[in-house]
Amino acid sequence: MLVDELDVPEEVREILRSEGIEELYPPQAEAVEAISSGRNVVVSIPTASGKSLVGYFGVLRAFSRGMRSIYIVPLRALAMEKYEELSRFGCIGMKVALAIGDYDVPPDHLRGADVIVATCEKVDAITRVDPGFISGIGVVVADEIHLITSPDRGPTLEMVLSKIRWLNPEAQIIGLSATIGNPEEVAEWLNASLVVSDFRPIPLHLGVYDGITLQLDDGRAMRVPRDRTVVGNLVRTTVEEGGQVLIFVSQRRHAESLSLTIGRVLERIIPEEEREALREFAAELERMGGLGKDLAKRAERGACFHHAGLTNEMRKTVENAFRRGLLKVIVATPTLAAGINLPARVVILKSFRRFDGWSNQPIPAWEVKQMLGRAGRPGYDPYGIGVIVAENGHWAEFAWENYIFSDVEPIESHLSSPHALRVHALSLIASRLAWDMKTLLRIFSGTFFAHTVGVDAMRDVLEEVLNFLADNGFVSERGGKYHPTPLGERTSHLYLDPLTVMYFRRAYESDHYSDFAVLHLVSLTPDMLPFRAGRREIETLYTYIAAERLYYSTYEVEEDAYFNAVKTAAVLSAWMDERSQDEIKDMFSVYPGDLHGRVQTAEWLIYGMESIAGLFGWRHAGRLRDLRLRVRHGVREDLLPLIAIPGVGRVRARVLHNHGYTDAARVAEATPEEIARLPGMGPKVAKSIVEGARKLVGRRG
DNA sequence: TGTCATCCGTTATAGACAGCATGTC
DNA sequence: CTATAACGGATGACA
């Protein structure tokens with residue numbers, strides 16, 4: 001099918017042609033045809049074979065027929081990517097909105113949008129507050145629908161789709177998936193046409209490297225001597241031929257050390273004219289400080305590491321340099337596997353076993369396919385090569401058998417877990433979509449779980465969960481009918497796990513207050529992933545326990561969890577004590593990216609705690625606001641009056657404070673020239689800060 | 001007695017969604 | 001195929 005035949009506005013066809021797309025790939029064409037029938041569609045095709053375009057077609061077709069659509073993705077970074085790509089079609093008058101935790105567009109903005117790109121949790125949150133929202137939606141694209149199989153987040157995706165079908169059976173569902181073992185089951189569940197294909201626009205060769213021979217699945221074999229890093233020569237050959245390499249490892253430390261050693265391999269083969277650009281790029285990273293320096297050291301030689309400990313800025317910088325072809329190698333942890341689109345000619349899976357808390361387990365085949373599937377850069381590479389590194393003959397055989405010559409696992413639902421049912425049963429009752437066992441089961445019977453396992457299998461857990469919710473005041477029960485209590489309603493709207501609220505209650509029932517105790521409490525809840533306290537660290541953490549009166553004692557909680565929460569609270573305290581990211585890394589071995597993530601979670605939970613405290617008439621509720629702002633901005637108490645000024649964060653606020661500008665009013669009285677004389681403030685910044693302060697003070701009256 | 005090499009036991013291990021109201025250095 | 005690499009303390013050789 002040619003782009004010219006595509007049933008979309010001519011402007012859209014022009015945009016596609018301008019990107020070099022003249023003709024659809026066969027599976028794309030098949031999917032487009034299926035979507036045009038108006039039926040639900042499940043598309044299961046390999047990574048990097050143009051799935052997004054299929055989703056975009058669904059969205060565009062909806063728009064041209066006057067319907068609104070939702071594009072559901074699993075990651076915020078993906079949401080931004082899709083948002084940007086869809087925004088290109090703005091010329092046809094289609095309004096695109098982005099709805100994710102951080103960048104929430106106000107609901108009335110969402111109402112005016114034709115397409116909403118959102119994470120599945122966000123869609124869930126919207127339907128909780130306003131179930132009627134769904135009725136105006138014509139098309140729902142569920143990208144990466146295989147994520148249903150994820151134990152922690154899969155149930156949400158499954159419930160979101162089930163709720164949409166329940167509330168709006170007319171909505172067309174388009175499920176996009178990488179290759180999975182049981183696409184038929186998914187299609188059956190959604191009553192959808194199925195498009196399955198293993199077509200790849202750029203041929204992909206898979207192989208296994210044992211340190212001696214690179215054996216490919218088409219029979220070719222090459223002798224590649226191993227170097228100290230095992231894969232050094234593989235990398236060198238590829239880069240010499242003008243390709244780029246993506247290496248996946250299972251530990252951050254490995255990513256950092258391997259990228260350093262690989263750099264020595266590259267050093268000799270990168271031409272002089274590229275080195276200058278690399279030095280510039282390294283200087284850019286260097287300026288970011290901390291980890292940026294580690295990156296810079298490697299960047300000069302054309303290799304970098306990539307993991308979730310990096311700040312978003314560093315991640316994006318590294319990704320862009322790779323995309324521009326400047327960076328030759330990225331050594332990454334699985335962050336990059338499921339994330340944004342970043343192909344390379346050669347993808348090497350350096351270690352396919354990952355520690356799961358018990359032992360080093362082989363990772364599932366679908367993850368391996370997702371990583372290796374990134375091999376082959378459209379427009380640059382004639383082919384892609386995906387290499388699995390095996391330490392010995394045994395593991396080589398394992399790789400061939402389980403990863404190359406075998407099908408990927410079927411996806412399965414984990415909706416019947418107590419955690420998932422607790423959260424989703426409450427949300428259904430809170431949004432008044434269900435009010436008794438019968439109505440709950442009716443909605444749950446539309447889920448993938450019910451389709452594959454049967455709804456009866458969740459009955460017992462559901463009953464337990466309902467008792468839990470009733471016993472603890474989240475719902476009230478009379479004659480088998482459940483009503484949400486104000487507590488249940490707040491819990492659901494705040495998107496909190498009821499168990500988290502059970503932890504909050506310990507504080508509400510206490511007359512005691514301390515910032516540290518609240519941080520510890522928040523870190524104990526199931527909604528926070530705490531930092532891990534090392535064996536050695538625990539000793540030092542006793543200092544905090546001795547100095548602070550916490551809401552829980554060591555005897556009430558599992559020991560590890562207890563100390564992890566103490567460490568998390570200690571890190572957040574250090575952040576609020578205006579320690580720099582470098583200091584925090586030295587003190588606690590916590591990376592900036594991780595810190596930022598926990599800060600955000602803590603802020604959300606403190607907000608939740610603050611907003612529920614009223615229901616319990618907690619005397620100390622008011623103190624949570626200051627704590628939340630301090631966590632958010634990473635400042636001591638005395639800076640709170642300053643960080644309200646636009647353009648002022650923890651650093652500038654401290655500078656202002658040190659020079660006698662202790663609140664917004666004093667800043668407002670200053671002249672921009674005075675402020676500009678302070679260290680680190682340019683005339684431009686000074687002007688905007690003073691203006692911001694004046695506006696702020698003026699608004700207060 | 002001080003320094004360095006080696007051995008051996010110990011230790012740590014990937015990722016990332018959500019509320020609300022607006023903007024870091 | 002039951003991890004494993006890096007780290008840190010202890011020990012011992014040697015000057």
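Values reported hereafter were calculated over all heavy atoms of this structure, with side chains retained and with hydrogens, waters and symmetry mates removed. Nothing here was measured: the structure is a model prediction, and the numbers come from that model. Residue numbering restarts at 1 for every chain, and letters A, B, ... go by the order of the sequence lines.
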Tell me what [X] touches on the nucleic acid: a base, only sugar-phosphate, or nothing, going by heavy atoms under 4.0 Å.
X	answer
A/Arg628	base
A/Val685	nothing
A/Arg625	nothing
A/Gly647	sugar-phosphate
A/Glu603	base
A/Arg652	base

Exercise. For DNA chain B, whose closest nucleotide is more 5', that of A/Ala653 or that of A/Arg632?
Worked result: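 Its nucleotide being nearer the 5' end, the pick is A/Arg632.
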Whole-Å distance between [N] [atom2] and [X] [atom1]?
X	N	atom1	atom2	value
A/Glu286	B/dC25	CD	P	21 Å
A/Leu678	B/dC25	CG	P	14 Å
A/Asp356	C/dA3	CG	P	10 Å
A/Asp497	B/dG19	CG	C1'	15 Å
A/Gln361	C/dA3	CD	C1'	10 Å
A/Leu496	B/dC20	CG	P	10 Å
A/Asp582	B/dC25	CG	P	16 Å
A/Leu258	C/dA5	CG	P	13 Å

Verify whether one side chain among [X] and [Y] offers a donor that lies under 3.5 Å from an acceptor in the other.
X	Y	value
A/Ser431	A/Arg128	no
A/Ser611	A/Arg490	yes
A/Asp124	A/Tyr495	yes

Exercise. A/Phe448: what forms a ring pair (Phe, Tyr, Trp, His ring centres under 6.0 Å) with it, not counting sequence neighbours?
Worked result: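 With sequence neighbours excluded, A/Phe448 shows a ring pair (Phe, Tyr, Trp, His ring centres under 6.0 Å) to A/Trp189, given in chain and number order.
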Exercise. A/Tyr403 vs A/Phe398 aromatic rings, parallel, tilted or perpendicular, using cut-offs 30° and 60°?
Worked result: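 Plane angle over 60°, so perpendicular.
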Problem set entry | Pairwise 5' ranking along DNA chain C for A/Ser257 and A/His394, keeping only the more 5' one |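 Of the two residues, A/His394 wins.
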Exercise. With no hydrogens and no angle check, is any side-chain donor or acceptor of A/Thr261 less than 3.5 Å from a backbone partner on A/Ser257?
Worked result: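 Here the side-chain-to-backbone pair exists.
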Problem set entry | Stems formed with participation of DNA chain C [Watson-Crick or G-U wobble, under 3.5 Å, three or more pairs] |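 Stem list for DNA chain C: B:1-13 with C:3-15.
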Exercise. How far does the P atom of B/dA14 sit from the matching atom of C/dA6, given to the nearest Å?
Worked result: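 Taking atom P in both B/dA14 and C/dA6, they lie 14 Å apart.
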For this session: Identify whether the distance between the nearest side-chain nitrogen and carboxylate oxygen of A/Glu319 and A/Arg315 falls below 4.0 Å.
Result: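 A salt bridge is absent here (no side-chain N lies under 4.0 Å from a carboxylate O).
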Problem set entry | Check: A/Phe531 ring centroid to A/Phe563 ring centroid under 6.0 Å |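 Judged by ring-centre distance (under 6.0 Å), A/Phe531 and A/Phe563 do not meet the cut-off.
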Exercise. Does the gap between the ring centers of A/His254 and A/Phe305 come in under 6.0 Å?
Worked result: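 A/His254 vs A/Phe305: aromatic centres not under 6.0 Å.
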Seminar exercise, completed: With sugar-phosphate taken as primed atoms, P, OP1 and OP2 and all else as base, the protein-contact string of nucleotides 12-18 of chain B at under 4.0 Å (heavy atoms; B, S, -) is SBBSBBB
For this session: Begin with the C-alpha distance, continue with both residues' side-chain angles, and end with the deciding distance and a verdict on side chain to side chain donor-acceptor pair (under 3.5 Å) for A/Asp527 and A/Thr525.
Result: CA-CA 5 Å; A/Asp527 277 318; A/Thr525 67; 5.4 Å; no
Problem set entry | Nucleotide paired to B/dA16 in any strand shown, Watson-Crick or G-U, under 3.5 Å |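 B/dA16 is unpaired by these criteria.
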Problem set entry | Nucleotide paired to B/dT22 in any strand shown, Watson-Crick or G-U, under 3.5 Å |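 Pair assignment: B/dT22 / none.
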Problem set entry | Any A/Arg353 side-chain N or O less than 4.0 Å from OP1/OP2 of C/dT2 |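 Affirmative; the distance criterion is met.
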